Asker: 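Questions regarding the structure given below will be posed in turn.
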Number of protein chains: 2
Amino acid sequence: MATSRDMRISISERAAGGARARGRVYTVLRDAIVSTEFHPGQRLSESELAERLGVSRTPIREALVRLRDDRLVEIVPQLGTYVSRISRQAIDDAQFIREALEGAAVRVAATRARPEDIAALDAIIARQREAFRDSDIDRFYFFDDELHRSLCDLSGHGVAWSLSQRASGHLNRIRRLSMTLPAYIDEMIEEHAVVLDAVRRHEPEEAEHALREHLKMVVSAVPDIERSHPDYFES
Amino acid sequence: MATSRDMRISISERAAGGARARGRVYTVLRDAIVSTEFHPGQRLSESELAERLGVSRTPIREALVRLRDDRLVEIVPQLGTYVSRISRQAIDDAQFIREALEGAAVRVAATRARPEDIAALDAIIARQREAFRDSDIDRFYFFDDELHRSLCDLSGHGVAWSLSQRASGHLNRIRRLSMTLPAYIDEMIEEHAVVLDAVRRHEPEEAEHALREHLKMVVSAVPDIERSHPDYFES
DNA sequence: GCCCACATACTTGCATACAAGTATTCGGAG
DNA sequence: CTCCGAATACTTGTATGCAAGTATGTGGGC
């Protein structure tokens with residue numbers, strides 16, 4: 001029947017929009033946690049969050065359940081909801097996931113990148129240098145994500161980036177905290193340039209290796225962060 | 001203070017348990033979808049599911065939201081919830097994710113596997129042959145998962161398996177459907193043996209290559225399934 | 001016979017009410 | 001002063017009620 005086919009089309013068109021309140025709440029809470037505006041270990045109250053965000057407990061709960069999947073909060077029945085403390089195992093897991101997924105993606109990206117794609121990537125790095133010059137950490141963080149996301153998109157598997165992101169909550173808190181140290185930012189930009197050069201020259205092996213090395217740098221910041229914020233960590 | 005440290009411990013102990021109704025509903029619904037007991041394209045009613053499972057709409061909703069993250073259902077506001085039709089892009093994405101994650105995991109597993117680990121893996125393959133001999137597809141499917149999960153666990157990053165699974169909903173429907181064909185099962189078992197041999201000999205490169213080749217076999221079944229169930233697929 | 005308009009019955013999204021259970025705190029006894 | 005117990009004020013989990021919106025079926029007009 002023709003109707004069923006029409007319905008299918010209208011469905012996929014509308015599903016893309018998604019819900020409004022639920023998605024908004026999830027994004028707001030996730031940002032607050034990753035930016036450590038909500039401190040690791042802090043207790044969260046569903047009712048208080050509902051009041052502050054101007055919605056009822058229902059969308060708050062649905063967002064918290066998603067955040068639990070991300071291991072960013074721990075929900076204990078009849079007791080409370082807590083921002084997860086940063087876990088070394090979770091960092092290690094996220095690092096493994098990122099290297100595997102983004103490494104595989106950049107390998108494909110290196111074989112497929114067209115000149116205009118590379119120009120777009122160059123532009124992103126230029127913006128990173130700008131943000132660094134202006135000491136605008138939030139903007140740098142944004143364009144850092146943007147670069148990695150673009151590389152995944154180029155591979156034809158944008159889902160690699162979304163998955164990597166959802167798995168990288170603990171790691172991203174380290175990223176954000178490490179960006180308060182200018183030395184890290186400077187080195188990050190140079191490493192981005194190395195990755196991009198390998199992509200430009202269509203060298204998949206080299207690109208993957210450079211990216212994996214680059215990703216390892218985030219982990220190297222852990223001891224510094226652990227020293228300055230010991231209470232943010234587990235056990 | 002000592003209290004806060006004690007609290008932390010009790011929290012992590014209890015968080016492991018998790019909720020009962022919500023988790024149960026999610027598992028039941030996911031199994032129903034992946035086994036195509038719920039047909040791709042089928043419309044689901046929150047109220048009907050609530051009645052059938054003996055709970056209210058709330059846990060049903062939370063489970064459906066998780067399934068939407070898995071791309072297994074499409075929720076259209078004020079219209080209805082539908083079991084996603086199998087999407088070629090989703091299959092391709094899942095394949096990419098599985099190869100990247102499990103490939104990286106088996107590489108590590110090959111370097112770390114101790115004799116007793118390998119014995120355990122051998123035992124799983126033996127059970128697969130048993131299930132094959134008894135034509136018990138569900139049991140074979142279970143031990144297939146068990147083998148892949150064990151390999152990921154061996155790498156020290158069990159999370160690779162959970163992520164891979166959550167991303168593989170569309171692919172798993174193909175897996176289940178392809179297992180109705182005995183020829184596929186037989187070949188799968190042999191390929192498992194090849195992977196395991198490489199792990200036994202501590203050859204990471206070879207193990208990853210064999211696993212990636214093995215994973216590709218699932219995709220090769222797509223045209224067959226598409227011919228026998230054209231209405232299960234998108235557009 | 002065909003087509004258009006309206007009412008109806010459904011859907012999900014959100015808000016609220018109730019139930020079960022825990023930590024804390026306040027009061028009293030020793 | 002110390003310690004024990006019960007009541008209280010919270011927490012999350014679940015159930016239900018209401019609002020907004022869409023598809024469908026029915027009845028009337030042409």
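In what follows, chains are A, B, ... by sequence order, proteins preceding strands, each numbered from 1. As the structure is a prediction and not an experimental result, all values here were calculated from the model.
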Asker: Would you give the length of the straight line joining atom OH of A/Y232 to atom NE2 of A/H170, rounded to the nearest 0.5 angstrom?
Answerer: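 Rounded to the nearest 0.5 Å, the OH-NE2 separation comes to 14.5 Å.
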Asker: Please give me every residue in residues 52-64 of chain B whose heavy atoms get under 4.0 Å of an atom in DNA chain D, ordered by residue number.
Answerer: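 Residues of residues 52-64 of chain B under 4.0 Å from DNA chain D: B/V55, B/S56, B/R57, B/T58, B/P59.
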Asker: Please tell me if the side chains of B/H192 and B/I124 come closer than 4.5 Å, counting only heavy atoms from C-beta onward.
Answerer: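 Not in contact.
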Asker: Mind calculating the distance between OH (B/Y26) and P (D/dT14) to the nearest angstrom?
Answerer: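 It works out to 17 Å between those atoms.
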Asker: For the pair A/R176 and A/D138, find out whether any cationic side-chain nitrogen is under 4.0 Å from an anionic carboxylate oxygen.
Answerer: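 Looking at A/D138 together with A/R176, the answer is yes, because their closest N to O distance falls below 4.0 Å.
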Asker: Check this for me: does any side-chain nitrogen of one of A/E226 and A/R88 sit under 4.0 Å from a carboxylate oxygen of the other?
Answerer: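 Answer for the salt bridge query: yes.
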Asker: Does a distance-only test, which skips hydrogens and angles, find a donor-acceptor pair under 3.5 Å between the side chain of A/Q78 and the base of D/dT12?
Answerer: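 Pair found.
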Asker: Could you tell me whether A/R114 and A/D117 have a side-chain N and a carboxylate O separated by less than 4.0 Å?
Answerer: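 Between A/D117 and A/R114 there is a salt bridge, with a charged N closer than 4.0 Å to a carboxylate O.
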Asker: For D/dT11, does either OP1 or OP2 sit under 4.0 Å from a side-chain N or O belonging to A/T81?
Answerer: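 For A/T81, the contact criterion (side-chain N or O under 4.0 Å from OP1 or OP2 of D/dT11) is not met.
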Asker: Would B/Y141 and B/V34 satisfy side-chain contact (heavy atoms from CB on, under 4.5 Å), going step by step from the backbone distance to the final call?
Answerer: CA-CA 12 Å; B/Y141 184 80; B/V34 171; 3.9 Å; yes
Asker: Atom CZ of A/R24 to atom C1' of C/dG13: distance rounded to whole Å?
Answerer: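 So the CZ-C1' distance, A/R24 to C/dG13, works out to 14 Å.
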Asker: Going by an N to O cut-off under 4.0 Å, is there a salt bridge joining A/R149 and A/D153?
Answerer: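 Yes, A/R149 and A/D153 are salt-bridged.
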Asker: Rounded to whole angstroms, how far apart are CZ on A/R22 and C1' on C/dT12?
Answerer: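 Rounded to whole Å, this separation is 9 Å.
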Asker: May I have the distance from A/L79 (atom CG) to C/dG21 (atom C1'), rounded to whole angstrom?
Answerer: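 Going from CG in A/L79 over to C1' in C/dG21 covers 9 Å.
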Asker: Of all of residues 42-51 of chain B, which get a heavy atom below 4.0 angstrom from DNA chain C, listed by number?
Answerer: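 Close to the strand are B/R43, B/L44, B/S45, B/E46, B/S47.
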Asker: Specify the separation, in whole Å, of atom OH of A/Y82 and atom C1' of D/dT12.
Answerer: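 A/Y82 atom OH is separated from D/dT12 atom C1' by 11 Å.
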Asker: Kindly compute the distance separating CG (B/D69) from CG (A/D69), expressed to the nearest 0.5 Å.
Answerer: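 Interatomic distance, B/D69 CG to A/D69 CG, rounded to 0.5 Å: 7.0 Å.
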